[in-house]
Amino acid sequence: MSIKIYHNPRCSKSRQTLQLLKEHQVEPEIFEYLKTPPSREELEQVLDMLGLEPRELMRTKEKEYKEQGLDNPDLSRDQLIDAMLATPKLIERPIVIKDGKAAIGRPPEKVLELL
């Protein structure tokens, strides 16, 4: 059973989610996505698994979101994905993936549905 977590160690929700997984005897493969951003293909797979459009997976309160004009409704799916790849800080976190399914750890207990 392979479980991955897109993790930001500076984020309290991400740390809580990782701790919750460990309390359930799960040692996930940790991807610090700010250091090693996902590929376009990986990000598209995550969006598909979550059933979300790119903007729904974006941290819209980050200053980079406003600075880059990402609230423009005319931007295409590809343009939003490009922005997430160029500025991974915009990707909501944490994301846990198991067996082709994904969950966002907000709240952290949400990822328990995957176990």
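Keep in mind the model is a prediction, meaning the values are calculated, not measured. Because only heavy atoms are used, hydrogens play no part in the values below, and waters and symmetry mates are left out as well, while side chains stay in.
Ala83 approaches Met58 most closely through the heavy-atom pair CB-CE, 4.4 Å. The two residues Tyr65 and Asp71 make their nearest non-hydrogen contact at OH-CA, 3.5 Å. Nearest heavy-atom pair across Gln16 and Pro108 is OE1-CG, 3.4 Å.
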Residues Glu44, Asp78; criterion side-chain contact (heavy atoms from CB on, under 4.5 Å); working and verdict: CA-CA 10 Å; Glu44 287 184 355; Asp78 281 343; 4.2 Å; yes

From CA spacing to verdict: side-chain contact (heavy atoms from CB on, under 4.5 Å), Leu80, Leu57: CA-CA 10 Å; Leu80 293 170; Leu57 189 61; over 6 Å; no

Derivation and outcome, side-chain contact (heavy atoms from CB on, under 4.5 Å), residues Ile104 and Leu52: CA-CA 11 Å; Ile104 299 172; Leu52 298 177; 4.0 Å; yes

Pair Tyr33-Ile91, side-chain contact (heavy atoms from CB on, under 4.5 Å): steps then yes or no: CA-CA 9 Å; Tyr33 70 94; Ile91 301 171; 4.1 Å; yes

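Hydrophobic clustering (ILVMFWY, side-chain heavy atoms < 4.5 Å, transitive): Leu18 and Val111 are in one cluster. Under the 4.5 Å side-chain heavy-atom criterion for ILVMFWY residues, no single connected hydrophobic cluster contains both Leu47 and Val96. Under a hydrophobic-cluster definition in which Ile, Leu, Val, Met, Phe, Trp and Tyr are linked whenever side-chain heavy atoms come within less than 4.5 Å, directly or via other members, Phe31 and Leu20 are assigned to different clusters. Linking ILVMFWY residues whenever their side-chain heavy atoms come closer than 4.5 Å, directly or via other members, leaves Val46 and Ile30 in distinct clusters. Cluster annotation: Met84 is connected to Leu34 through the hydrophobic network of ILVMFWY side chains, with a link wherever side-chain heavy atoms come within less than 4.5 Å.
Side-chain contact check for Pro54 versus Ile81: some heavy-atom pair is nearer than 4.5 Å.
Few gaps surround CD on Glu23; more than 12 heavy atoms of other groups in view lie less than 6.0 Å from it.
Scanning for side chain to side chain donor-acceptor pair (under 3.5 Å) contacts around Thr17 gives an empty result, with sequence neighbours left out.
The side-chain hydrogen bond (donor to acceptor under 3.5 Å, both in side chains) test with Thr87 is passed by exactly one of Glu62, Arg59, Gln68: Gln68.
With values rounded to the nearest 0.5 angstrom, His24 atom NE2 is found 12.0 Å from Leu114 atom CG. The structure places OG1 of Thr60 at 8.5 Å from CD of Glu92, a figure rounded to the nearest 0.5 Å. Note that CD of Glu27 and CD1 of Ile5 are 11.0 Å apart. Values are rounded to the nearest 0.5 Å. Rounded to the nearest 0.5 angstrom, Glu29 CD and Ile3 CD1 are separated by 11.0 Å. Atom CG of Leu112 is separated from atom CG of Leu21 by 7.0 Å, given to the nearest 0.5 angstrom. Here the CD atom belonging to Gln19 is positioned 12.0 Å from the OG atom belonging to Ser14, to the nearest 0.5 angstrom.
In this structure a side-chain-to-backbone donor-acceptor pair under 3.5 Å is missing from Arg93 to His7. Between the side chain of Arg55 and the backbone N or O of Leu70 there is at least one donor-acceptor pair closer than 3.5 Å.
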